[in-house]
Every structure is written in structure tokens, then in C-alpha cells.
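A quick write-up on the structure given underneath.
Convention: sequence-line order gives letters A, B, ...; per-chain numbering from 1.
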Amino acid sequence: MAEEKLPTREENFSDWYNQLVLKAELADYSPVRGCMVVRPYGWTLWENIQQALDKRFKETGHVNAAFPMLIPMSFLEKEKEHVEGFSPELAVVTIGGGEKLEEPLVVRPTSETIIGYMYSKWVKSWRDLPILINQWGNVMRWELRTKLFLRTAEFYWQEGHTAHATEAEAREETLRMLDVYEDFAVNEGAVPVIKGIKSETEKFAGAVMSTTIEAMMQDTRALQSGTSHYLGQNFARAFEIQFTNRENELEYCYTTSWGLSTRFIGAIIMTHGDDQGLILPPRLAPVQVVMVPIFKSEAEKAAVMPVADRIFSELKAAGVRVKMDDREEVTPGFKFNDWEMRGVPLRMEIGPKDVEKGSVALARRDRPGREGKSFVSQENLSATVQEMLVTIQAALLERATAMRDSNIHNPKDYEELKQVVQGGWAFSYWCESKECEAKVKEDTKASTRCIPLEGQPEKAGECIVCGGKAERKVIFAKAY
RNA sequence: CGGGGCGUGGCUCAGACCGGUAGAGCGCACGGUUCGGGUCCGUGAGGUCGUGGGUUCAAAUCCCGCCGCCCCGACCA
């Protein structure tokens, strides 16, 4: 049960986040350092995320499968950049059944290698392509500094892995899935994102090109919320994924991979939450409407409950995820705070006065206090509620978008950039050299987040760091 | 792995400097009261004081070792 207040976001954003996750009962710390226990409320949220994404994956022609969690160490070593990128954070199994293993097995940090190995067995002809497989699962990366949902040693995600006959098709797939992520983030999570390309230093280990959706949290730090990689022939060569083309020539495939993890829950929390607690977008919320019946006496209870039960059934039949909080050992006021902590988008109060007047009280979570409270008729209540959920969803997106847009700046020189990234994002010309990128990082702790795919100016400019020629603009920001 | 801090009922902490055998608030259980914004009262359960050693008649308290956790710096969805 939620008790006591959170620190405000202003006071300590990080502490606000940590306590919110615990008090909203999304997750808890596990006995193993860096791992987390996802509690039922958090997992239901994840299930809703899964459904929304999975539907989109199926619509774009993908199918699900499951690959093993243990991968021979030698597989990781087949792709040079891949192993260099991941070796510091691998968990390795060296004993099985009490015997030392001949070859150590790594707990998958991601599955390009094992899937690449399997694809090499399955692909023979151009007729076998493309392969469009997704996997829902967990992976492990031995993180040094962890934070619930944002960075944990074990996390849950989906990873899509596709193989194609041509570079063009694989590149198209990479961007198609990035679009899917954007659509999901914006329309389901009400999380506005910027699609873009990662710099060489920020890209996935083993990729030719990494793309990302970047979201701005309320403290203005950036959160990489989903990634889609074009892997070229790197993994195809490492695992000999070859096919015979129409001209009877042997060719390597072009592969992609793309993933979105439980980190997205962190994005939702830090995009929408307020000082009262979590605010969930209606489309993903485990509970969309919580009903709080109000009565003093047995007589009032007898008058209120049948009406409340009837409304509950109506909403449920209409497909609304509704919860009746009929606990009698806590006061309504306590319940209000409790469900606000958990982020339920809409609260319905129903008491003796409402029964008398044929009304109910609705309180919007996104507008605290009197401002968000309204009294509506019990007539057509399902429709009223559904409309309000749509309104709340839209309002959350609008508010988050406005917040983000007002914190993206176009600094005129390097001095201003240094200022700007302390509390916002800088959208600036960059020559794409590692040196300039590193200088910004050293001076400000801000990194390049992505080169946006949209909103680029038509003509080239001068790098904000060195003044050299810059074809495109990049976002510099502090990141999670 | 470097710098700092902390380990005492489920949680937050007091007790330690000055050794004498453990307390508060919250939570939990039970009873009553209250209920349209975190009701109030009563009763009760619950602790090898992180761990191992040392000093002492006596250690939560003093000394030494170890373990664990948190925060700040180098890597990351």
C-alpha cells in the first residue's frame, strides 16, 4: 500500500523516481545486485506494452520464436566489434551439473550471434528470404551502476532479427521498425520521440548503422527508448549466412536487429509522472478507471453499492479496464492518494449524493485537484468515460511534447551550447568527428544522442565545436 | 576499480562520544470509531544490534578483520 509523500521532482528527481517505482509497486530490488523484481502491477503494464508492440510486429509480417539463453562464448568472439563491445558486461556460466564446462557459456546479452548461427542453417536460397523473426525474452548485462527499469543487470525486452537478400531491403526494414517504435511510443505511450541515427561512438557494437528513438525526460535528460540497427553483412559474414541468388551466385545476407525493453517503463514514468506519483497513459494503464464508492452508514452502503456495481459491469462490458476499490478499512481520501500514486488515469467517485442525482464524480489524474474533477450523468457513462480516456491520452502527449519542444535549443556558439545542455538539448551542426564529440562530452558530460532524420536544414553549416564543415545537425544532451 | 557514507523489529531512525544487556515513529494483527482528499483511540505481535575475533566482571556501544549496501567518478538498451 502506498504511504507517505514522495520527494518532489524539483528537490531530487532521482530520489523521486526510485521511491515512485517502489511505492507504485511497479518493481522491487532483488537479492542479487542489479537485478529487479517486476511486481504484478509493473508486469501488467509491460504486458500491455508487449501487446501493443506485438500487434505492430505481426502487422508488418514478423513472427515470434524463442532462442536459448545460453550462448557458446566462441559465438560472441566471431564478430570483433561485437565482442569488444559486450565482453566487459558478460555473465559467464563455467560449471554445469557440477562439472567444469569445456566451453564457457555466456548468458545472452543480446542474441545476434545465436540467431545468426541458426539463420546460417536455415537460409540456402533467395526463396528463404527475408526471415522476419522477433523474440520476447530477457537478457543480462553486468552493469556497474543500475537503476530500476532504466538500467538493470537483467532486463526484459523484445529483439527482432531479420535477414534480407539486399542492402536496400535491410535498410528499409531498419527504418520501418524505427517507425513502428515511434508510432508505439507516441500513440500508445504518449511519449514524444525524435528518430535519428547514432554516431559512430554511440552505435551498437557490430552494427553498420544504429537508429534510435530518443525521448526527453522531465529533468531534460535524454533516454534512448528503442533502437533499430542495420547490421550490413557483419554478422552474415561472421556466421556465414549465405544464400544462392537468382543468378545462382552465393551471397551474404544483410541483417537487422531492433529492440525495445522494460526501460520504456522508465520513459513513461519520467515523461508523465508528477509529485503525487505515477501518471499512466490510458492506452497502456493496467487500470484505466478506479471506482471509489463512498458511504457512511449501512443504509448508505445499501444505496450506493448496487449502483456502483451496475456501473462497474457496464464499464467492463464496454471494454474499459476498471477496478472497484471496495476496501472498507481505509477512507476514501486514502484511496484517492493511493491510486494517484499508482497513476490510474481516471477516478470515479460515487456516493449517496450521486445516487440521488444520478451522477458520478470523475477526477482526471493528469489534472490534480478541483480542476480535473467533474460531475457527470450516469446516462451513457461508458461513452463519457471512454471519451475522457482519449482526452487524457491526448493531453499527456500534448503536455510532454510542449515540454520537450521548449527545451530543445539552437545555441549560436559553443559557449551557449555548454550552457544549454545543462538543462536542455542542443540541436547543432556537427562535423561528425570523434574529436568534437569527445570534447563536448568532456566539457559538459553531454553526448550526441542522434542525428535526427527529420527537421534537418537544407544546407550545410559549420560545426558548433570546431567551425569545420558540417552536413547535418545533431542533438547534444545529457543522457541516462 | 578509486573517493565518501552506512549496516539496530517489515520501513525510517534514536541509543554509541561517556560500556551495565534495546527504544520511538510508521507499518502489521485485533477491537472500536471514522469515511465526498492521507480519521482517531486502545490492545498486541515482532530484534542472535551485518559477521568473525579481541579487550572487559560486563559490548549495540571500545579495538581489529571480513562481508554487504548506498552515494560520487571511468563503461552501457
Side-chain angles (χ1 to χ4, degrees), chain A residues 1-6 12 14-15 18-19 22-23 28-34 84-90 109-110 138-147 149-159 181 198 201-205 207 210-215 222-229 257-267 276-277 292-298 300-301 304 325-341 347-357 359-363 368-370 372-373 375 441-442 445 447 479-480:
Chain A
M1 217 187 307
E3 77 283 342
E4 292 179 20
K5 287 193 169 122
L6 293 170
N12 189 339
S14 176
D15 210 25
N18 289 333
Q19 290 192 33
L22 297 176
K23 286 181 174 164
D28 204 349
Y29 295 101
S30 89
V32 177
R33 204 192 93 80
E84 282 174 7
F86 280 105
S87 58
E89 51 187 49
L90 293 178
T110 179
N138 54 345
V139 288
M140 175 157 282
R141 300 178 186 179
W142 211 258
E143 297 290 348
L144 299 175
R145 275 189 80 172
T146 61
K147 189 155 181 151
F149 291 118
L150 297 181
R151 183 170 300 107
T152 46
E154 181 189 29
F155 59 89
Y156 301 85
W157 74 344
Q158 57 69 218
E159 45 180 326
Y181 286 153
K198 284 289 187 188
T201 50
E202 296 283 331
K203 79 176 187 193
F204 176 74
S210 285
T211 65
T212 174
I213 50 171
E214 295 284 326
L223 184 71
Q224 179 174 316
S225 304
T227 47
S228 181
H229 313 290
S257 67
W258 26 276
L260 186 146
S261 75
T262 36
R263 172 181 264 192
F264 196 82
I265 292 176
Q276 296 302 313
V292 180
I294 291 157
F295 48 79
K296 296 188 183 63
S297 59
E298 281 299 314
E300 284 183 349
K301 180 181 174 184
V304 167
D325 187 352
D326 53 8
R327 288 177 291 174
E328 294 193 24
E329 66 277 14
V330 291
T331 61
F334 183 92
K335 293 178 185 178
F336 298 168
N337 287 286
D338 197 22
W339 291 107
E340 278 167 11
M341 182 68 78
R347 180 180 73 239
M348 182 185 297
E349 301 166 25
I350 174 158
K353 289 178 227 164
D354 297 300
V355 171
E356 217 171 279
K357 288 187 275 186
S359 64
V360 298
L362 292 178
R370 191 165 298 168
K373 209 153 167 174
F375 297 88
K441 183 115 192 217
E442 200 181 312
K445 291 182 183 165
S447 51
Y480 277 100

> Which is true for A:G259 with a 4.0 Å heavy-atom rule: it touches a base, it touches only sugar-phosphate, or it touches nothing?
Replying inline: nothing
> Once you round to the nearest 0.5 Å, how far does NZ of A:K301 lie from CD1 of A:I294?
Replying inline: 14.5 Å
>> According to a cutoff of under 5.5 Å between the ring centres and under 30° between the ring planes, does A:W157 stack with the base of B:A77?
In response: no
> When you compare B:C1 with B:A58, how far apart are their P atoms, in angstrom units rounded to a whole number?
Replying inline: 38 Å
>> Nearest 0.5 angstrom please: A:E202 CD to A:T227 OG1, how far?
In response: 12.0 Å
> For the pair made of CD in A:E329 and P in B:G27, what is the distance, rounded to whole Å?
Replying inline: 13 Å
> Considering only the C1' atoms, how many Å lie between B:G50 and B:G7, rounded to the nearest integer?
Replying inline: 6 Å
>> Using a heavy-atom cut-off of 4.0 Å across all strands, would you classify A:E349 as base, sugar-phosphate, or nothing?
In response: base
> Taking atom P of B:U33 as reference, at what distance in whole Å does atom NZ of A:K296 sit?
Replying inline: 16 Å
> What is the base-pairing partner of B:C75, counting Watson-Crick and G-U wobble geometry with both distances under 3.5 Å?
Replying inline: none
> Hey, is the side chain of A:R347 pairing donor to acceptor with the base of B:G37 inside 3.5 Å?
Replying inline: yes
> Looking for any heavy atom pair under 4.0 Å, which part of the strands does A:S228 touch: base, sugar-phosphate only, or nothing?
Replying inline: nothing
> From B:C35, B:G37, B:A77, pick the nucleotide closest to the side chain of A:T227?
Replying inline: B:A77
> Does B:G68 have a Watson-Crick or wobble mate here (both distances under 3.5 Å), and if so which one?
Replying inline: B:C6
> Can you tell me how far the CE atom of A:M341 sits from the CG atom of A:L22, to the nearest 0.5 Å?
Replying inline: 10.5 Å
> Looking at residues at least two apart in the chain, or sitting in another chain, which of them share a side-chain contact (heavy atoms from CB on, under 4.5 Å) with A:K357?
Replying inline: A:K353, A:S359
> For atom P, what is the distance between B:U8 and B:C41, given to the nearest Å?
Replying inline: 29 Å
> CD of A:E298 versus C1' of B:U33: gap in Å, rounded?
Replying inline: 14 Å
>> With rounding to the closest Å, how many angstrom separate the C1' atoms on B:G5 and B:U21?
In response: 29 Å
> Looking at B:C35, B:C75, B:G38, which one has an atom nearest to any side-chain atom of A:N337?
Replying inline: B:G38
>> Can you measure A:K23 atom NZ to B:U12 atom P for me and round it to whole angstrom units?
In response: 11 Å
>> If we ignore hydrogens and angles and just use 3.5 Å, is the side chain of A:D354 paired with the main-chain N or O of A:G351 as donor and acceptor?
In response: yes
> A:I294 side chain: which of B:G36, B:A77, B:G37 is closest?
Replying inline: B:G36
>> On the nucleotide B:U34, are OP1 or OP2 found under 4.0 Å from the side-chain N or O atoms that A:T331 carries?
In response: no
> On a whole-Å scale, what distance lies between the P atoms belonging to B:A59 and B:G2?
Replying inline: 35 Å
>> Measure CG/A:N18 against C1'/B:C71 and give the value in whole Å, please.
In response: 11 Å
>> Taking only the C1' atom of each, what is the distance from B:U51 to B:G27 in whole angstrom?
In response: 28 Å
>> Partner lookup for B:G46, please. Criteria are Watson-Crick or G-U wobble with both distances under 3.5 angstrom; report none if nothing qualifies.
In response: none
> Which part of the nucleic acid does A:F264 contact within heavy-atom distance under 4.0 Å: base, sugar-phosphate only, or nothing?
Replying inline: nothing
>> Measure CZ/A:R327 against C1'/B:U39 and give the value in whole Å, please.
In response: 15 Å
>> Using whole Å, what does the distance between atom P of nucleotide B:U34 and atom CZ of A:F334 come to?
In response: 20 Å
>> Taking only the C1' atom of each, what is the distance from B:A45 to B:G10 in whole angstrom?
In response: 13 Å
> Taking for each residue the nucleotide of RNA chain B bearing the nearest heavy atom, is the 5' side occupied by A:G351 or by A:A205?
Replying inline: A:G351
> For B:U21, which nucleotide is its Watson-Crick or G-U wobble mate, given both distances must be under 3.5 Å?
Replying inline: none
> Got a donor-acceptor pair under 3.5 Å from the side chain of A:D354 to the base of B:G36?
Replying inline: yes
> Taking for each residue the nucleotide of RNA chain B with the nearest heavy atom, is it A:K353 or A:K445 whose nucleotide lies nearer the 5' end?
Replying inline: A:K353
> What is the pairing partner of B:A16, taking Watson-Crick or G-U wobble pairs with both distances under 3.5 Å in any strand?
Replying inline: none
>> Tell me the interatomic distance from A:K198, atom NZ, to B:A77, atom P, rounded to whole angstroms.
In response: 7 Å
>> Of the listed nucleotides (B:C35, B:G37, B:A77), which one gets closest to any side-chain atom of A:F155?
In response: B:A77
>> Could you tell me if the side chain of A:N337 sits less than 4.5 Å from the side chain of A:Q276, heavy atoms only?
In response: yes
> Quick one: salt bridge (Lys or Arg N to Asp or Glu O under 4.0 Å) partners of A:R263, sequence neighbours excluded?
Replying inline: none
> Within the structure shown, what part of the strands sits under 4.0 Å from A:L260 by heavy-atom distance: base, sugar-phosphate, or nothing?
Replying inline: nothing
>> Between B:U48 and B:G9, how far apart are the two P atoms, rounded to whole Å?
In response: 9 Å
> What class does the angle between the rings of A:W258 and A:Y181 fall in, given that below 30° is parallel, 30 to 60° is tilted and above 60° is perpendicular?
Replying inline: perpendicular
> Contact class for A:S261 (heavy atom, under 4.0 Å): base, sugar-phosphate, or nothing?
Replying inline: base
> A:A361 has a side chain; which of B:G38, B:C75, B:G36 sits nearest to it?
Replying inline: B:G36
